[in-house]
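Proteins come first, then strands; the chains are lettered A, B, ... in the order of their sequence lines, and each starts at number 1.
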Protein chains: 4
Amino acid sequence: MTTPGPSLRADAARNRELLLAAAEEVFAEQGPDASIADIARRAGVAKGTVFRHFATKEELVAAIVGGHFAALIAVARGLLDSADPGAALREFLTVAADGLNQDLTALQTISEGDSRVTELRNQLHTSIEVLVERAREAGAVRPDLTGADVFLLICAPVHAAGFSPTPHPDLWRRYLGIIVDGLSPEGATALPHPAPEWP
Amino acid sequence: MTTPGPSLRADAARNRELLLAAAEEVFAEQGPDASIADIARRAGVAKGTVFRHFATKEELVAAIVGGHFAALIAVARGLLDSADPGAALREFLTVAADGLNQDLTALQTISEGDSRVTELRNQLHTSIEVLVERAREAGAVRPDLTGADVFLLICAPVHAAGFSPTPHPDLWRRYLGIIVDGLSPEGATALPHPAPEWP
Amino acid sequence: MTTPGPSLRADAARNRELLLAAAEEVFAEQGPDASIADIARRAGVAKGTVFRHFATKEELVAAIVGGHFAALIAVARGLLDSADPGAALREFLTVAADGLNQDLTALQTISEGDSRVTELRNQLHTSIEVLVERAREAGAVRPDLTGADVFLLICAPVHAAGFSPTPHPDLWRRYLGIIVDGLSPEGATALPHPAPEWP
Amino acid sequence: MTTPGPSLRADAARNRELLLAAAEEVFAEQGPDASIADIARRAGVAKGTVFRHFATKEELVAAIVGGHFAALIAVARGLLDSADPGAALREFLTVAADGLNQDLTALQTISEGDSRVTELRNQLHTSIEVLVERAREAGAVRPDLTGADVFLLICAPVHAAGFSPTPHPDLWRRYLGIIVDGLSPEGATALPHPAPEWP
DNA sequence: TATGAATGAGCTTTCATTCAT
DNA sequence: CATGAATGAAAGCTCATTCAT
């Protein structure tokens, strides 16, 4: 009563974080069909507790995807004033892939209907667009590159590395290197398809 | 048993193809969790018939993935004697992506344990390795590129295009273009991670 | 092939009847919240079999309620040409209550949204209306009685008897007797509320 | 414990009443499966508080049913000395139905095992028995009518009215009118089943 | 004492798989 | 051989109840 105790709330908040972390791990290991039971077990809580924090499985997935998007937005914004726009874009793609696990793509599909996720996705796209614009103006990337392209390519390195029969946690850096080279204006060939429009 | 005529066999073979085609379609539309019931319905047969041809769902998935691998092996082998090894590699990646639907990656994960799929995967890797070697020797691709790299990058364009909020069936060509540019020796930067070893 | 085998269908049809009977029993004993598992156990089938026959619990309930309504419609129609319209109405109420178990009322609420049940309910109401009209014209019932009244009173005797601390399967006949006396034109007092309109 | 002041007790008592009122409302709206969470929300307290006042859901239901029984006992006793025993019985049934919402019957089933409810039910039965006896002696009701009959018929009007597809809060008065006419000695036919014995 | 987070048993429903016909 | 009815092991989710704060 006297002290507006954050203690209970703190416990709940801690469980929420535990759950998000556990869910991310389990989804990464088992794919988007991992069961809530497994996630609860990993987090060390009961099944019911998952649903106290996330009313549906979809909501849990949306929280994960939204969290990633929010983090990426912060990264992109932090790089807006960089002196070297080309390096900034490369840094963005590196940091983005570094915080990813392979599933984000599949999870994204699940949370497609979530309006909060859509909103964040659009914000992220906008932030990336600015980053790309700067790099384009500086001649650091191919002139036909758009923000949508970069958005769609974020997961590609992690995804490609994920198929390796001999997995290595940093292998994605190799494929990011190849893609980044492909973004360079030097030796860029005409692309056979226009960039996607953003809705 | 009594009448081992070829007619029955022909029927069975036709059903098998019907089922594979139906499964590919349904998996493409609904993802790897599409139900056997849906696949049977699409193929116009009863659920039991699916299991007569493929003892488990995993076996059905393995047949699909194996089919893709076999097709890609044929493509790669057909391009071995090409006069322009660089063009041959690009052609391979284009034909490969063209025959793909986004799910192959997810399906591949499911059929990871299947020995026949593993065998085909290794054969495909070997064929690609030759293709890459030729292109490397011709100076058509970056010198640090391996067959494993190309194998892992096959699905990347389709995968990236699949995230587009405004999907277009040929958008993958754009991202294949970027990746192909990234494979070029011109302006290639050192890659921060070694290529994966093949087991 | 040659004989359009009703054998398999016969088995399924038998299971359907077994399930309806079991459901009726279990609902009567435990109320409308009886679990599908209990119903399946009573019918001697697996849980999944219930859902093969009735896609949802609501559909199962609707089948039960609809079955009762259909039976009552048949009874009402069979009594339309009776020489003694007053006796016909009494007979209808008796036969109706005889085929009832206490739950119909609660089950009816569950299946309120089912269009087939609504259709049957309306047909039943119409049939009863005719029955009541004849009886009214013959001076066998109070002149202010409507078909809707009789419809709403069908379950009353069974419901009242169901509260008895010393239950007897035929006790409802006592309360049907009282209600039937209340429907008589002799000594009927003015009713304080108009009959409900049928939608 | 330390301060056994009346303030806390008053608060607790008020919460108890709030909860009973909220529960009655919610049960009336949603049926006997309404959740404790809904009831707590309606009462404006936390879920835990419900269980502080009523150890189980069954106990809460028993309190509601018991409350109704107690109120009816008071009504019956208040009518014992009426100059017109027939009018008194009619008045009892009217007041009883007026204080009812449709659920009492379902709730009663739930609280069947509660000894306090059983005790009150028996007291109510006794009070009604006296009321009926007086009316019978005065020739105001059919000679075969018992207190048990009247007890069992209390809910019938509300129950019948509850099925109406076009609900009206006073429709029960119509069916109480019909039943009251059925209790009249005038034109009473022999009942086909004896009255239930009270245990 | 009130709170509401946590629990876990239980519910409806789905689906790969089996098997009688 | 094909069929599709039956199976039963999960899955997602709800809710009465407990208990730390």
Smallest heavy-atom separation, Glu112(A) atom then Thr118(A) atom, equals O-OG1, 3.7 Å
Just jot down the side chain to side chain contact (heavy atoms under 4.5 Å, CB included) partners of Phe54(B), sequence neighbours excluded, or say none.
Arg16(B), Leu19(B), Leu20(B), Glu59(B), Leu60(B), Ala63(B)
Between the side chains of Glu24(B) and His68(B), does any donor sit under 3.5 Å from an acceptor?
yes
Looking at dC15(F), dA11(F), dA16(E), which one has an atom nearest to any side-chain atom of Ser35(D)?
dC15(F)
Nearest non-hydrogen partners of Arg121(C) and Pro165(D), listed with the distance:
NH1-CB, 3.7 Å
Note: Leu107(A) and Pro32(A) closest approach over all heavy atoms is CD2-CB, 3.9 Å
By nearest-nucleotide position on DNA chain E, the 5'-leaning member of Val50(A) and Ile36(B) is Val50(A)
Please determine whether a side-chain nitrogen or oxygen atom of Asn15(D) lies at a distance below 4.0 Å from atom OP1 or OP2 of dA2(E).
yes
Upstream residue (5' side of DNA chain F) when Lys47(B) and Lys47(D) are each assigned their closest nucleotide
Lys47(B)
Base-paired stems in DNA chain F, each at least three Watson-Crick or G-U pairs under 3.5 Å:
E:2-21 with F:2-21
Compare side-chain N and O positions of Thr49(A) against OP1 and OP2 of dT7(E) and report whether any pair is under 4.0 Å apart.
yes
Looking only at heavy atoms, which two atoms of Leu104(C) and Leu100(C) are closest? And how far apart?
CD2-CD1, 3.5 Å
Using whole Å, what does the distance between atom C1' of nucleotide dT7(F) and atom CZ of Phe51(B) come to?
13 Å
Please examine the side chains of Phe27(D) and Asp33(D), heavy atoms only from C-beta on, and report whether any two atoms are closer than 4.5 Å.
no
For Asp114(D) against Arg116(D), the heavy-atom pair lying closest together
OD1-N, 2.9 Å
At their closest point, which heavy atom of Ser111(B) faces which heavy atom of Val61(B), and how far apart are they?
CB-CG1, 4.2 Å
Rounded distance in Å - CG (Leu18(C)) to P (dA5(F))
16 Å
With Glu119(A), which residues qualify under side chain to side chain contact (heavy atoms under 4.5 Å, CB included), at least two apart?
Gln123(A)
Roughly how many Å is it from CZ in Arg14(A) to P in dA20(F), rounded to a whole number?
16 Å
Interatomic distance where CZ belongs to Arg16(D) and C1' belongs to dA2(E) [whole Å]:
17 Å
The correct set of residues in residues 38-46 of chain D placing a heavy atom under 4.0 Å from DNA chain E is Val45(D), Ala46(D)
Which pairs with one or both residues in residues 38-53 of chain D pass salt bridge (Lys or Arg N to Asp or Glu O under 4.0 Å), sequence neighbours excluded?
Glu25(D)-Arg42(D), Glu29(D)-Arg42(D), Asp38(D)-Arg41(D)
Expected list for residues 52-64 of chain C near DNA chain E, using heavy atoms below 4.0 Å, is Thr56(C), Lys57(C)
